[in-house]
Amino acid sequence: MTAISLAKDGLWKNNPALVQLLGLCPLLATSNSFATSLGLGLTTLVVLTLSNFTISLMRGLLDDETRLPVQILVIATFVTLADLSLQYWFFDMHQRIGLFVALIVTNCTLLGRAEAFASKNPIILSTFDGLMMGTGFLLVLLLMGTIREIAGNGTLFANLHLLTGTPDMTIQIADSGFLLVALPPGAFLTLGCLIAAKNVIDGALR
Amino acid sequence: MTIRMAINKTLFRKILKPTLLALSCAFFLAFTHQITKKTIESNQRQYEERLLREMVNGAELEKSSSGYSVFREGTQIGTIEQLTTSHGYNGKIDLLIALTLTSLTGDREVISVRVTHHEETPGIGDKIEPEVSTWIHQFVGKSAHHTNWTLSPEGDIDIISGATITSRAVTNAIAETLAE
């Protein structure tokens, strides 16, 4: 197992959002703007990398019967830490995505990677796997956030200054948007289109 | 006897390990919570104060029994109250409303209104947020006596198109508070 194949897996071939279809709840809920996508995607990336690292570190220590609850415990601890850090550094952003940060615990990408990879592989590989899977998730989330914000609201980068601390950098592209894209069903439709696009590309490559 | 002891021993170890881990996680989180608590609380306060200050154009505020009292140059000019309506389209709508004091004729005016929490439909009902639309600003200067608190075209209050229920819920909540 090489780093390159891990990167390929996480970013494209086995992408958690487009192929494994894991973690749909936060993916669909926070992808209505670029800023919230970036906030939740980065948080997930950090938590996934840290939890993979820790679970790989303790992999010799755990029994079969108690492995899963301990993994959830580790993930929940990191999510709570991330939640506190967001409130500490990015309070305004936390007001918008706070509800979904707690839901990262239930994002099956994390438990999936912990159980399928980190509990069986050495520390460096596991950490890298977490980083790549997290990046794959973040990129899909950002793509969906961009599409849905432009098509649904006619803006881009609204509220992004809450994360970066710079002046407002909203780009007004149109006066209003196609409402359906901004509503929850729009998230499913957008994700469906992205999966279809990926399959078309895969087909063309083969 | 030895078998039972052996079972007990492995069982004990299997229980002990997660317990110790859970305890160390709890300790770690409690520690972080202690470190971050002060800053998070002050962030929360700043966030609320910024919202309140915006509502009254930077006048001084003092906490009172029902909300806040608003002072300008030492004299009280109004109050800020919190209200909640459950007549919206989905869930509760929490509002902050800044009002002038009751005048000699028994009239009160709206200084400003802000929605602090709602679960109305994104893209339709969320136009009650000042970040999304200017709708909420139409209430500035409206009063208990000189405003017809029914929705347009009969009354003085504009409707958000497609969100009549949301518009009516917010309007009625404000009107009821003014009438008190």
Side-chain angles (χ1 to χ4, degrees), chain A residues 29 32-33 36 54-55 58 60-96 98-99 148-149 151-155 158-159 162 168 170 176-187, chain B residues 7 9-51 89-91 94 115-127 129-133 160-163:
Chain A
N32 53 5
S33 79
T36 50
T54 314
I55 285 160
M58 339 190 279
L61 216 81
L62 301 174
D63 307 305
D64 285 346
E65 293 91 335
T66 54
R67 198 174 65 229
L68 283 174
V70 167
Q71 286 169 358
I72 282 288
L73 181 74
V74 169
I75 293 168
T77 306
F78 280 122
V79 169
T80 314
L81 272 181
D83 193 48
L84 288 173
S85 317
L86 270 179
Q87 291 185 56
Y88 191 87
W89 282 299
F90 305 106
F91 192 83
D92 286 0
M93 196 62 197
H94 186 268
Q95 293 292 100
R96 289 179 183 269
L99 185 64
R148 289 184 66 201
E149 194 178 339
N153 292 324
T155 60
N159 291 319
L162 298 184
D168 198 339
T170 309
S176 66
F178 182 40
L179 182 61
L180 179 67
V181 186
L183 295 178
Chain B
I7 290 172
K9 208 176 158 196
T10 51
L11 195 65
F12 179 69
R13 282 175 62 183
K14 274 177 185 170
I15 295 169
L16 188 68
K17 273 193 276 184
T19 312
L20 284 177
L21 264 170
L23 278 176
S24 45
C25 284
F27 181 79
F28 188 50
L29 284 182
F31 182 70
T32 318
H33 176 66
Q34 276 303 323
I35 296 176
T36 54
K37 201 168 82 177
K38 272 225 170 94
T39 312
I40 290 174
E41 274 169 9
S42 93
N43 282 352
Q44 176 86 45
R45 247 195 333 269
Q46 274 175 17
Y47 182 82
E48 282 163 12
E49 270 173 22
R50 202 174 59 220
L51 187 81
Y89 192 68
N90 180 34
D94 290 331
V115 176
T116 51
H117 171 87
H118 76 89
E119 290 156 41
E120 304 302 297
T121 322
I124 306 176
D126 68 353
K127 293 203 171 71
E129 290 177 31
E131 291 87 4
V132 179
S133 138
I160 300 169
S161 67

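Residues B:K17 and A:V70 fail the side-chain proximity criterion, which asks for heavy atoms closer than 4.5 Å. Considering only heavy atoms from C-beta on, A:L62 comes within 4.5 Å of B:L21 through its side chain.
Proximity to chain B at a heavy-atom threshold of 4.5 Å picks out A:Q87, A:Y88, A:F91, A:D92 from residues 85-92 of chain A, in numerical order.
The part of A:L179 that comes within reach of chain B is its side chain, from C-beta onward, which places non-hydrogen atoms under 4.5 angstrom from that chain. Only the side chain of A:T66 has a heavy atom closer than 4.5 Å to any heavy atom of chain B. Using a 4.5 Å cut-off between heavy atoms, A:L84 touches chain B through backbone and side chain atoms alike.
Chain A forms more heavy-atom pairs under 4.5 Å with one residue of B:R13, B:Q46, B:K37, B:R50 than with any other, namely B:R50. Heavy-atom pairs under 4.5 Å with chain A peak, among B:L29, B:I35, B:T121, at B:L29.
Annotation: the span from B:C25 atom SG to A:L81 atom CG amounts to 9.0 Å, rounded to 0.5 Å. Atom NE2 of A:H94 is separated from atom CD1 of B:I40 by 8.0 Å, given to the nearest 0.5 angstrom.
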